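We count ligands from 1, going down the list as the structure has it; atoms in each ligand are counted the same way. Values in this document were obtained by computation on a predicted structure and should not be read as measured data.
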Amino acid sequence: MDADIARVILPRERIQARVRALAGEIVASYGPALPSLTLVPVLSGAIIFVADLIRELPLKMKIALVHLSTYPGRALRAGEPRTILEIAGELEGRDVLIVDDVLDSGRTLRSVQEMARARRPRSLRTAVLLRKPARGPRDAPVDFVGFDIDDLFVVGYGLDFDDHYRNYPHIGVLRPELTP
Ligand code: IMP
Ligand code: MG
């Protein structure tokens, strides 16, 4: 796997430190009366991020998975998000935090946010590990961002290319000859 990576842009230690700080920002945003959250991780990209994030969140929480797919196979640009699994849990009256790996065009998140809002949560916030400012909408509807990165296709720490590299521990860029 290492041989396929041209360049690491975020080593695992930096990600780990940022995830810990992000958890602090999330907790602080709810004020002193800590809520019982319902996290909505967007599969499959958010799996590693959410696993690390929740262990830094000292809150009572439930998890309601949702699965959207945007990438037809080896494409590097997202198509229309397709719902594979509807949000699997009750959101009505709950404090909901959507968690995704990356905000690119913003279509995936907007679609999850619409699904969540329709279930009448008490509050709705969104955390993403990565944001690509070059492509994300200016008024991207996210509350917490781990890192702003350049407009690069990246893999690792949950992010895939053709469903591979999710287990690569750092975030990096593939060798150009491996992508279309
Ligand atoms: P959006 O709908 O364009 O914001 O796309 C977001 C989704 O596309 C994310 O949830 C990721 O699954 C995927 N995605 C976007 N950029 C990348 C990338 O650089 N590497 C891997 N997956 C990505
Ligand atoms: Mg994803």
Practice problem: Go through ligand 1 atom by atom and flag the ones less than 4.0 Å from a non-hydrogen atom of Leu152. | Solution: 19 (O)
Quiz prompt | Sub-4.0 Å heavy-atom approach of Ser105 to ligand 1 | solution = yes
Exercise. Report the residue from Val99, Leu97, Leu59, Ile63 that forms a side-chain contact (heavy atoms from CB on, under 4.5 Å) with Ile54.
Key: Ile63
Under 3.5 Å donor-acceptor pairs involving side-chain atoms of residues 85-92, not counting sequence neighbours:
none

Exercise. Flag the pair Phe49 / Val42 as yes when at least one side-chain heavy-atom distance between them is below 4.5 Å, and no otherwise.
Key: no
Quiz prompt | ligand 1 atoms in contact with Thr108 (distance to a heavy atom under 4.0 Å) | solution = 1 (P), 2 (O), 5 (O), 6 (C), 7 (C)
Quiz prompt | Atoms of ligand 1 close to Lys132 [distance to a heavy atom under 4.0 angstrom, numbered from 1] | solution = 16 (N), 17 (C), 18 (C), 19 (O)
Quiz item: So is Pro81 close enough to ligand 1, meaning a heavy atom under 4.0 angstrom away?
Solution: no
Exercise. For atom 12 (O) of ligand 1, state which one of Val128, Ile149, Asp101 supplies the nearest heavy atom.
Key: Asp101
Quiz item: When rounded to the nearest 0.5 angstrom, what distance separates CZ in Arg125 from CG in Leu39?
Solution: 12.5 Å
Quiz item: Would Leu22 end up clustered with Leu34 when hydrophobic side chains under 4.5 Å apart are linked, directly or stepwise?
Solution: yes
Practice problem: Output yes when the distance from some N or O of ligand 1 to some N or O of Leu159 is under 3.5 Å, and no in every other case. | Solution: no
Practice problem: Take every heavy atom of Asp100, measure it against each atom of ligand 1, and state whether any distance is under 4.0 Å. | Solution: yes
Quiz item: Looking just at side-chain N and O atoms, do Tyr165 and Asp4 make a donor-acceptor pair shorter than 3.5 Å?
Solution: yes
Self-check item: Heteroatom distance test (Val154, ligand 1): nitrogen or oxygen, under 3.5 angstrom
Solution: yes
Practice problem: Examine Arg12 relative to Tyr168 and say whether NZ or CZ is less than 6.0 Å from the centre of the six-membered ring and inside a 45° cone about the ring axis. | Solution: no
